[in-house]
Amino acid sequence: MKELIKRLVEAYGPTGSEESVRSLIMEEVKPYVDEMQVDALGNLIAIKRGGGKKLMLASHMDEIGVMVTHIDDKGFLRFYSVGGLSPFTLIGNRCYFANGTVGVFGMERLDAIKDLAMNKMFIDIGADSREEALEKVNIGDTAAIRREFCDLGKRLVSKAMDNRIACAVQIEALKQVQNLAFDVYAVFTTQEEVGLRGARVAAFGITPDIGIAVDVTATGDTPKSATMDVTLGKGPTVKVRDSSLLCTPAVRRHMEQVAKANDIPYQLEVLQAGGTDGGAIQMTKSGIPTGVMSIPCRYIHTASEMVDYDDVEQGVRFLVKLMETDYLG
Ligand code: CO
Ligand code: ZN
């Protein structure tokens, strides 16, 4: 599965430019599903029929990126973030555009580093003039952070664990699932990082009986980190709440029962800041019972997001069992 993870996390897919990630996933899941659809927002909906209620799964394909806002006479690009990104994570980093153009993040001279803001930074693509820069990039082009996948053995590091690791879990679960208890609508969503946009329209179109989003969540296990009861390596989580939703209590209980019945280690997750596709699914039409499973992840929204491989494997087992166990409400 590590080979699939590497290909997914190294794919180019900042928010709004998810095409290459989507093609990769389509190729991967095609033999394991009955039908695939791509909607107007670019969501990939992979349907696997087992009869019964509709279960919607959602993993977002997009990653945090930057968008060119201005190109100056010397060929330097000004930019803004697409999704929640701290300028501090960009110092010394590189980005790359869909056409392969690589850029280096630079910054103006500052009196104090705390004054750093996105508008004090620029991207240097090695051009000497606006004309030269325009040969490679244009206003409105997006770039993703450029950083290779790194396998530390037990721990895996990448610029896009959020959320390709969940895409990998969802793909692998579709491959392994045996006795479906649902008609499964496995959605690989777009534009999560700018407000759960893909999931919103996908959920409206599908109108599932139950929704389960899969994403990463923060941890509280590094030196002097924010207090949070999630640790790398102790299993996937059953989310209780984040900024976008209070998970439906009956779904949360169902998820806990499924984990316990199958000896899958899990952690209860209370995420103080940040949302998930679950929030959009739950608020669809007259409301959809919704839960979220997360893979614990350190350093979210940086070039080096870290997950634990055991959590990933247990996450696959968990999602398989969730597809195989009917939800009685
Ligand atoms: Co994110
Ligand atoms: Zn995410």
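Note: hydrogens, waters and symmetry copies are ignored here, and every other heavy atom, side chains too, is used. What you see is a predicted model; the values in this text were computed from it and never measured.
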Under the 3.5 angstrom rule, does the side chain of [X] hit a backbone N or O of [Y] as a donor-acceptor pair?
X: E269; Y: R241; result: no
X: R22; Y: G42; result: yes
X: R197; Y: L41; result: no
X: T189; Y: A199; result: no
X: T69; Y: R78; result: yes
X: Q37; Y: I45; result: no

Tell me, please, which residues at least two apart from C297 pass side chain to side chain contact (heavy atoms under 4.5 Å, CB included).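 By the side chain to side chain contact (heavy atoms under 4.5 Å, CB included) rule, C297 matches M161, V216, I300, E305, V307.
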According to a hydrophobic-cluster definition based on side-chain heavy atoms being under 4.5 Å apart (Ile, Leu, Val, Met, Phe, Trp, Tyr only), do V187 and I212 belong together?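 Not linked; separate clusters.
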Same apolar cluster: L245 and L268, side chain cutoff 4.5 Å: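 No: no chain of side-chain contacts under 4.5 Å links L245 to L268.
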Which of these passes side chain to side chain donor-acceptor pair (under 3.5 Å) with H60: T15, N43, D162, T276?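 Testing each of T15, N43, D162, T276 against H60, the sole residue satisfying side chain to side chain donor-acceptor pair (under 3.5 Å) is D162.
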Can you give each donor-acceptor pair under 3.5 Å made by side-chain atoms of residues 249-263, sequence neighbours left out, with the distance rounded to 0.1 Å?
unit_1: E256; atom_1: OE1; unit_2: Y266; atom_2: OH; d: 2.6
unit_1: N262; atom_1: ND2; unit_2: V258; atom_2: O; d: 2.8

One thing to verify: whether [Y] and [X] come together as a salt bridge, which I'm taking to mean a side-chain N less than 4.0 angstrom from a carboxylate O.
X: K159; Y: E10; value: no
X: D141; Y: K136; value: no
X: R155; Y: D308; value: yes

Testing the basics here: between G126 and E132, what is the closest heavy-atom pair and its distance to 0.1 Å?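 Between these two residues, the closest heavy atoms are O-OE2, 3.9 Å.
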Looking only at heavy atoms, which two atoms of A202 and M56 are closest? And how far apart?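 Taking A202 first and M56 second, the nearest heavy atoms are CB-CE, 4.0 Å.
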What residues, two or more places apart in sequence or in another chain, satisfy side chain to side chain donor-acceptor pair (under 3.5 Å) together with D326?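 Only K53 meet the side chain to side chain donor-acceptor pair (under 3.5 Å) criterion with D326.
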Would K54 count as a cation-pi partner of Y185, with NZ or CZ less than 6.0 Å from the six-membered ring centre and within 45° of the ring normal?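 Judged by the rule (NZ or CZ under 6.0 Å from the ring centre, within 45° of its axis), K54 counts as positioned above Y185.
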Looking at Y309, does the NZ or CZ of K2 lie under 6.0 angstrom from its six-membered ring centre and within 45 degrees of the ring axis?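 The answer is yes; both the distance and angle limits are met.
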Can you pull out every salt bridge (Lys or Arg N to Asp or Glu O under 4.0 Å) where at least one residue sits in residues 181-194? Sequence neighbours excluded, please.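 Matches after skipping sequence neighbours: none remain.
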Partner residues of F182 under the ring-ring contact (aromatic ring centres under 6.0 Å, His included) criterion, sequence neighbours left out: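 If we apply the ring-ring contact (aromatic ring centres under 6.0 Å, His included) test to F182, skipping adjacent residues, there are no hits.
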Ring pair (Phe, Tyr, Trp, His ring centres under 6.0 Å) contacts touching residues 120-163 (sequence neighbours left out):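 As it turns out, the ring pair (Phe, Tyr, Trp, His ring centres under 6.0 Å) pairs with a partner in residues 120-163, which skip direct neighbours, are F76-F122.
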In Å, rounded to the nearest 0.5 Å, how long is the span from CZ of R94 to CD1 of I123?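 Separation between the atoms: 14.0 Å.
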